[in-house]
Trainee: 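Quick one: the structure is below, and I'll ask about it shortly.
Predicted model only: the values in this text are computed from it and were never measured. All values below come from the heavy atoms of this structure, side chains included, with hydrogens, waters and symmetry mates left out.
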Amino acid sequence: QANQNIRNFSIIAHIDHGKSTLSDRFIQHCEGLSEREMSAQVLDSMDLERERGITIKAQSVSLDYKARNGETYRLNFIDTPGHVDFSYEVSRSLSACEGALLVVDASQGVEAQSVANCYTAINLDLEVVPVLNKIDLPAADPDRVCQEIEDIIGIDALDAVHCSAKTGIGIEDILEELVKRIPPPQGEVDAPLKALIIDSWFDNYLGVVSLVRVMQGRVAKKQKIRAMHTSMDFQVDRVGIFTPKMKDRDYLEAGEVGFIIAGIKEIDAAKVGDTFTDASNPAQTALEGFQEVQPRVFAGIFPVSSDDYEGLRDALSKLNLNDASLSYEPETSQALGFGFRCGFLGMLHMEIVQERLEREYDLDLITTAPTVIYEVEQTDGEVIRMHNPSQMPPINKISEIREPIIKANILVPQDYLGNVITLCIEKRGVQTNMQYMGTQVNLSYEMPLSEVVLDFFDRLKSVSRGYASFDYELSHFSAAKLVRVDILINGDRVDALAVIVHADFAQARGRDLAERMKEIIPRQMFDVAIQASIGTNIIARTNVRALRKNVIAKCYGGDVSRKRKLLDKQKKGKKRMKQVGNVEIPQEAFLAVLRVD
Ligand code: GTP
């Protein structure tokens with residue numbers, strides 16, 4: 001039987017409620033690291049993560065905690081990503097645990113994302129242990145937040161530990177609670193191996209490293225293992241645990257959490273949620289809950305300079321090594337040239353990829369407005385899936401277009417309820433439920449994903465002064481009156497500026513887009529005509545007037561170096577521009593569609 005002094009747990013917390021700070025305290029308390037090594041937060045290991053304050057990759061730490069009863073417990077803490085884009089990863093991390101620590105900022109309260117993750121944890125039969133963090137803040141209101149946890153999540157929070165990850169108050173009390181309340185792992189050591197892959201990542205020196213929870217059996221060095229969903233076999237080179245440094249062991253057995261390195265070259269061979277079993281004595285069934293992650297949001301990424309195309313391909317393939325949910329395929333745009341159509345889990349994922357490409361690979365890129373997947377039923381009966389407006393068949397060939405609909409849960413304080421409802425209606429939302437829970441209201445809506453992709457999150461935050469929070473899951477496809485609005489510049493259709501919108505809003509959106517283009521496109525040596533159209537029907541037109549004077553004209557007769565400087569300056573300013581026909585279009589133009597107000 002599995003070691004009964006093990007406790008496996010995750011932390012559920014909304015962004016900024018103090019998960020990283022708290023986990024650092026745990027490590028410090030159990031002396032996993034020296035003071036000096038503690039200087040930086042250890043769990044969020046990627047720079048970008050730290051800068052944006054978001055945890056992207058799940059990781060784990062194994063700590064030995066000497067409890068007040070004199071026994072030593074092995075605490076395996078599995079870190080989870082804190083954003084809605086990564087909810088599948090969260091569900092896999094949670095299913096590797098027997099318990100979860102719900103951390104709520106006592107000066108803020110419960111947020112929709114944490115609620116969703118708590119429900120996942122409760123459905124997986126985890127023991128949820130609430131704690132109230134940031135109790136040191138003058139604005140902390142533990143009684144109110146406690147009541148909120150009970151009202152909204154429905155778990156007993158009366159004796160939730162009050163703590164401050166910052167000052168260190170209550171840390172040991174939390175560890176005691178964990179040991180007392182979270183059940184020890186189940187699972188037979190002698191059964192055939194079943195190890196859940198919580199996360200896999202690519203390391204330049206080690207190849208693919210997988211973080212696993214052994215559910216039953218044991219995995220040892222030299223053993224032949226099989227990934228059950230891909231049916232591929234590998235020989236184990238190393239197994240071990242994170243303390244948080246990698247520490248080798250001879251084997252891991254039922255109940256334990258640690259890493260496996262098995263000469264795997266691609267993370268696709270060891271997917272999150274898959275089961276490793278013993279190749280010579282395989283388990284009958286894989287662990288439940290495996291899913292292929294599907295991108296939901298797509299955008300074109302193009303190099304500003306066509307010389308960077310190969311560089312971009314390289315960079316994408318490198319990022320892909322570590323991020324199986326990023327997809328990409330070559331795309332050719334008349335306007336932007338050669339680039340890639342990339343698929344992402346959501347908007348945050350897209351921003352992260354874009355930033356890494358630019359920062360780590362030093363590429364200047366133009367990104368087109370994101371779009372969702374549409375199902376198009378053609379008059380000939382064929383159904384195509386379209387993730388690029390330029391793939392839309394001619395109107396007379398379309399019998400129906402269906403768009404993805406999400407189920408959204410929004411938590412909002414009563415004061416902002418009206419604003420949020422207005423916003424949801426504007427976003428074509430249909431209310432399915434509304435429930436008062438203490439001072440907050442829980443709203444459920446069905447809403448088109450495309451509207452959420454646009455700017456829903458930012459708008460929600462602004463109409464609620466930051467207090468509303470939101471979580472969603474994909475629900476179904478539903479028919480809608482959708483049309484493509486094209487933008488024409490000097491009579492040429494710019495494919496990368498096309499957007500798909502609801503017919504009722506197409507006129508307004510077309511006018512709005514044309515106006516925006518007028519503001520964004522710099523004046524040139526000639527008049528630039530901007531038009532918006534649906535099919536051949538022009539719905540809006542405007543002009544960018546020609547520049548009156550050539551910049552170089554004022555250098556006439558001046559010295560050459562001054563002239564060159566001016567030209568250089570002009571060239572620098574051009575960096576994020578793309579020549580389309582004879583007009584230069586800046587990056588902002590391609591994202592203008594994102595800002596609708
Ligand atoms: P993600 O990694 O994005 O999920 O955020 P997080 O939940 O890990 O939050 P993090 O630990 O980075 O803390 C967010 C901010 O809150 C930081 O500025 C911390 O210094 C601060 N903070 C964390 N715990 C406490 C606390 O107990 N008291 C006070 N006053 N501040 C705290």
Trainee: Donor-acceptor pair, Ser200 side chain versus Ala270 backbone, under 3.5 Å?
Mentor: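 Yes: the side chain of Ser200 pairs with the backbone of Ala270.
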Trainee: Looking at Asp237 and Gly263, would you say the former's side chain and the latter's main chain have a donor-acceptor pair under 3.5 Å?
Mentor: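 Such a contact is found between Asp237 side chain and Gly263 backbone.
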Trainee: Rounded to the nearest 0.5 Å, what's the gap from OH on Tyr119 to CG on Asn409? Could you check?
Mentor: 8.0 Å
Trainee: Quick one: CD1 on Ile197 to CE on Met228, what's the gap to the nearest 0.5 Å?
Mentor: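 Between Ile197 CD1 and Met228 CE, I get 11.5 Å after rounding to 0.5 Å.
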Trainee: Between OG of Ser450 and CZ of Arg428, what distance do you get to the nearest 0.5 Å?
Mentor: 5.0 Å
Trainee: Look only at the side chain of Asn543 and the backbone of Arg545, and say whether a donor-acceptor pair between them is shorter than 3.5 Å.
Mentor: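 Not at all, since once roles are kept as given, no pair shorter than 3.5 Å links the two residues.
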Trainee: With rounding to the nearest 0.5 Å, note down the distance linking CZ in Phe259 to OG in Ser210.
Mentor: 11.0 Å
Trainee: Give the intermediate values and the outcome of side chain to side chain contact (heavy atoms under 4.5 Å, CB included) for residues Leu474 and Gln294.
Mentor: CA-CA 11 Å; Leu474 225 42; Gln294 302 287 357; over 6 Å; no
Trainee: Check Leu287 against Thr275 and note the closest heavy-atom contact, atom names and distance.
Mentor: N-OG1, 2.9 Å
Trainee: Do the side chain of Lys194 and the main chain of Thr277 share a donor and acceptor less than 3.5 angstrom apart?
Mentor: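 Not at all, since once roles are kept as given, no pair shorter than 3.5 Å links the two residues.
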Trainee: Specify the closest pair of heavy atoms between Thr371 and His387, including all atoms of both residues, with the distance to one decimal.
Mentor: CG2-O, 3.5 Å
Trainee: When you check the gap from the basic side-chain N to the acidic O, do Asp495 and Arg493 get nearer than 4.0 Å?
Mentor: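 Looking at Asp495 and Arg493, the cut-off is not met.
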Trainee: Go through the structure and list residues passing side chain to side chain contact (heavy atoms under 4.5 Å, CB included) with Asp504, not counting sequence neighbours.
Mentor: Lys481, His502
Trainee: Could I get the full list of salt bridge (charged side-chain N to carboxylate O under 4.0 Å, His left out) partners for Arg341, not counting sequence neighbours?
Mentor: Glu331
Trainee: Taking all non-hydrogen atoms of both residues into account, name the closest pair between His349 and Asp323 and its distance.
Mentor: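 Of all heavy-atom pairs spanning His349 and Asp323, the closest is NE2-OD2, 2.8 Å.
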Trainee: Judged by atom type as modelled, is there a donor-acceptor pair below 3.5 Å linking the side chain of Tyr88 to the main-chain atoms of Gln291?
Mentor: yes
Trainee: A quick test of your reading: do over 12 heavy atoms of other residues, nucleotides or ligands sit less than 6.0 Å from CZ of Phe290?
Mentor: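 More than 12 within 6.0 Å, yes.
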Trainee: Just to verify, what does Glu292 make a side-chain hydrogen bond (donor to acceptor under 3.5 Å, both in side chains) with, not counting sequence neighbours?
Mentor: Lys271
Trainee: Side chain of Ser399, backbone of Glu377: donor and acceptor closer than 3.5 Å?
Mentor: yes
Trainee: Please name the pair of heavy atoms, one in Ser478 and one in Ile405, separated by the smallest distance, quoted to 0.1 Å.
Mentor: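 Minimum heavy-atom contact is CB-CG1, 3.6 Å.
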Trainee: Is the shortest heavy-atom distance from the side chain of Leu316 to the side chain of Asn320 under 4.5 Å?
Mentor: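 They are not in side-chain contact.
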Trainee: Show me, pair by pair, the donor-acceptor contacts under 3.5 angstrom made by side chains of residues 526-534, not counting sequence neighbours?
Mentor:
residue, atom, partner, partner atom, Å
Asp527, OD1, Ala546, N, 2.8
Ser533, OG, Gly535, O, 3.3

Trainee: Counting heavy atoms not belonging to Lys224, are there more than 12 under 6.0 Å from its NZ?
Mentor: no
Trainee: Could you please spell out the steps behind the side chain to side chain contact (heavy atoms under 4.5 Å, CB included) verdict for Leu319 and Tyr361?
Mentor: CA-CA 10 Å; Leu319 284 186; Tyr361 298 92; 4.0 Å; yes
Trainee: Strictly under 6.0 Å, is that where the ring centroids of Phe340 and Tyr309 end up?
Mentor: yes
Trainee: Do you know the tightest heavy-atom contact between Arg92 and Gly273?
Mentor: CD-CA, 3.5 Å
Trainee: Would you say CG of Asp362 has more than 12 non-hydrogen atoms from neighbouring residues, nucleotides or ligands within 6.0 angstrom?
Mentor: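 At most 12 heavy atoms, drawn from other residues, nucleotides or ligands, come within 6.0 Å of this atom.
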Trainee: Rounded to the nearest 0.5 Å, how far apart are CD1 of Ile406 and CZ of Arg296?
Mentor: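 CZ of Arg296 is found 9.0 Å from CD1 of Ile406.
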Trainee: Ignoring hydrogens and geometry, is there a side-chain-to-backbone donor-acceptor pair from Tyr472 to Leu449 under 3.5 Å?
Mentor: no
Trainee: For Ala96 versus Ile198, what's the shortest heavy-atom pair and its separation?
Mentor: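 What the structure gives for the nearest pair is CB-CD1, 3.5 Å.
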Trainee: Do you know which of Glu446, Glu451, Met447 makes side-chain contact (heavy atoms from CB on, under 4.5 Å) with Cys424?
Mentor: Met447
Trainee: Checking the side chain of Thr120 only, and the main-chain atoms of Ser91 only, is there a donor and an acceptor separated by less than 3.5 Å?
Mentor: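 Such a contact is absent between Thr120 side chain and Ser91 backbone.
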Trainee: Mind checking whether Met246 and Leu206 have side chains closer than 4.5 Å, heavy atoms only?
Mentor: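 Yes, side chains in contact.
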Trainee: State, with a plain yes or no, whether a side-chain heavy atom of Leu423 is found less than 4.5 Å away from one of Phe456.
Mentor: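 Heavy-atom side-chain distance check passes, below 4.5 Å.
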Trainee: Does the distance from a Lys or Arg side-chain N to an Asp or Glu carboxylate O, for Glu360 and Lys318, drop under 4.0 Å?
Mentor: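 No salt bridge links Glu360 with Lys318.
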Trainee: Take Gln223 and Phe276 through the test side chain to side chain contact (heavy atoms under 4.5 Å, CB included) and record every step on the way to the result.
Mentor: CA-CA 11 Å; Gln223 189 177 342; Phe276 279 135; over 6 Å; no
Trainee: Please list all pairs meeting salt bridge (Lys or Arg N to Asp or Glu O under 4.0 Å) that have one or both residues in residues 301-311, counting only residues at least two apart or in different chains.
Mentor: Glu310-Arg313
Trainee: Has the side chain of Ser93 got a donor or acceptor atom that lies under 3.5 Å from a matching backbone atom of Ile78?
Mentor: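 No, because the side chain of Ser93 does not come within donor-acceptor range (under 3.5 Å) of the backbone of Ile78.
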Trainee: By the definition side-chain contact (heavy atoms from CB on, under 4.5 Å), identify the one residue from Leu363, Leu365, Ile366, Leu336 that meets it with Val304.
Mentor: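 Answer after filtering Leu363, Leu365, Ile366, Leu336: Ile366.
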Trainee: Any chance you could measure Ser20, atom OG, to Asp79, atom CG, to the nearest 0.5 Å?
Mentor: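 Taking OG in Ser20 and CG in Asp79, the distance rounds to 6.5 Å.
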Trainee: Among residues at least two apart in sequence or on other chains, which ones pass side-chain hydrogen bond (donor to acceptor under 3.5 Å, both in side chains) with Asp274?
Mentor: none
